[in-house]
Amino acid sequence: MSLKNVRLEVMQFLEKDVDSLMDKYLIPAEKIWQPTDFLPNSEGPNFLEEVKEIRELSKELPYDFWVVLVGDMITEEALPTYESWLMDVEGVGQLENNGWSKWVRQWTAEENRHGDVLNKYLYLSGRVNMKEIEITTQHLISDGFDIGTDRDPYKNFVYTSFQELATYISHNRVAKIAREKGSKQLGKMCKIISGDEMRHHHAYSEFVERIFAVDPNQMMMAFHYMMKQKITMPAHFLRESGDKIGTAFEEFSNTAQRIGVYTSLDYVEILEKLIKRWEIDKISNLNDESEKARDYLMKLPSRMRRLADRIKIPENSFEFKWVEPAKL
Ligand SMILES: [Fe+2]
Ligand SMILES: [Fe+2]
């Protein structure tokens, strides 16, 4: 049987449990928070005062902070790219409306609230150039992405397990900075977003765990493949108005590193967590090729840690069109 057919069979086998996994990891619309829970009530009598307060508090937050929040928001707003990518993964049947496609839809519906709430807050803050942000968002969605997972569910679930944890870390750190600088409401908002990301991380990690239980060799090879190639961030094609594809990404990630929201050390620690979570060292009955892949994975964190220590980040802020230079 071809590898592709085995993967399809495994996806079908696991599909019977997707309903209960949705109950375990996703929250119905009526029960989960909504963006308006964290934003001034536009129907209420105090709306303008509440907006004024946000604008006052926003002045306390530094330039790099806004760049990172904008980049995070744009990354969340590119959700159409992620949904269409996942819908195309082998075993996810949009037309058949199978369990996996239901998962993708319900996950998308939850994720959609993140860009929504961040967008509205940024609009009210008065610190950012919304038009430039909107142009970047439109570009990012139209440029799409290639995360190197192919249509392989194993590789895609490694990617999402990694990425959900990465977004947990960055939203959580942004929350901390906001809180420290007095923007309590923004802090709460980012904290609750990070909680969603963590829940999603656990879900995707469980998918991988279940695949390891039935197809350990190929799951190991997929994990190895993704880590050898390195996890590309979903906004790697980020660009500002008038610029070429991908030109803004490096400075955005430098900015995130500079203020400690997401660093190369975090990357290594995520990898370590995944290795631990999936008990890579304990998986048995591997063939020679997968044994080698396991060896590679087990040694990778310490190798990457040495490299991460050597990376130097530019000290000065990079001026983005998203945040007015006058307000540097
Ligand atoms: Fe998100
Ligand atoms: Fe997420």
Side-chain angles (χ1 to χ4, degrees), residues 21-22 24-29 32-39 68-87 89 92 100-122 133 136-137 140-141 144-145 147 149 153 155-176 178 186-208 226 231-238 249 252-253 256 261-262 266-267 269-271 273-274 277:
L21 289 167
M22 286 196 328
K24 183 171 171 191
Y25 291 111
L26 298 176
I27 304 176
I32 201 168
W33 64 271
Q34 294 298 339
T36 44
D37 300 339
F38 296 89
L39 292 163
V68 168
L69 195 58
V70 166
D72 287 352
M73 182 273 264
I74 296 167
T75 307
E76 295 283 354
E77 292 279 57
L79 192 59
T81 303
Y82 319 142
E83 183 183 26
S84 54
W85 187 276
L86 290 175
M87 272 297 181
V89 167
V92 179
W100 290 111
S101 71
K102 281 186 199 142
W103 167 273
V104 172
R105 280 196 205 96
Q106 207 174 314
W107 168 85
T108 303
E110 274 200 13
E111 283 285 343
N112 186 55
R113 293 142 52 253
H114 301 167
D116 186 351
V117 72
L118 291 171
N119 190 319
K120 286 177 178 133
Y121 195 94
L122 283 166
I133 294 170
T136 294
T137 306
L140 188 62
I141 295 174
F145 70 3
I147 47 174
T149 54
K155 290 177 187 160
N156 273 283
F157 291 157
V158 169
Y159 184 86
T160 46
S161 300
F162 190 102
Q163 205 45 50
E164 295 285 11
L165 195 50
T167 47
Y168 161 78
I169 292 170
S170 58
H171 289 306
N172 194 39
R173 299 250 174 84
V174 166
K176 195 165 164 264
L186 178 59
K188 267 193 210 161
M189 217 174 89
C190 295
K191 181 95 195 156
I192 201 148
I193 296 175
S194 77
D196 284 1
E197 309 291 16
M198 183 53 102
R199 209 162 19 82
H200 297 161
H201 158 71
H202 284 307
Y204 287 112
S205 301
E206 183 166 344
F207 299 168
V208 171
M226 289 309 295
I231 300 287
T232 330
M233 292 299 133
H236 62 125
F237 284 165
L238 201 67
F249 182 74
F252 163 58
S253 86
V261 163
Y262 184 74
D266 291 320
Y267 185 103
E269 285 174 7
I270 293 172
L271 171 59
K273 283 205 176 98
L274 295 179
R277 161 89 197 231

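In listed order, ligands and their atoms are each counted from 1.
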Ionic contact status for Arg199 with Asp196, cut-off 4.0 Å: yes
Backbone or side-chain N/O/S of Asp196 under 2.8 Å of the Fe ion (ligand 2): no
Pair Tyr267-Phe162, ring-ring contact (aromatic ring centres under 6.0 Å, His included): steps then yes or no: CA-CA 9 Å; Tyr267 185 103; Phe162 190 102; 4.9 Å; yes
Non-hydrogen atoms of Ala235 and Phe249 that approach each other most closely: O-CD1, 3.1 Å
For the Fe ion (ligand 2): the N/O/S atom of Glu111 at shortest distance: OE2
N/O/S atom name from Glu197 that is nearest to the position of the Fe ion (ligand 2): OE1
Of the N, O or S atoms in Glu164, the one nearest the Fe ion (ligand 2): OE1
Residue pair Tyr82, Phe145: steps toward the ring-ring contact (aromatic ring centres under 6.0 Å, His included) verdict: CA-CA 9 Å; Tyr82 319 142; Phe145 70 3; 5.4 Å; yes
Short side-chain donor-acceptor distance under 3.5 Å, Trp85 and Thr149: yes
Heteroatom N/O/S of His114 within less than 2.8 Å of the Fe ion (ligand 1): yes
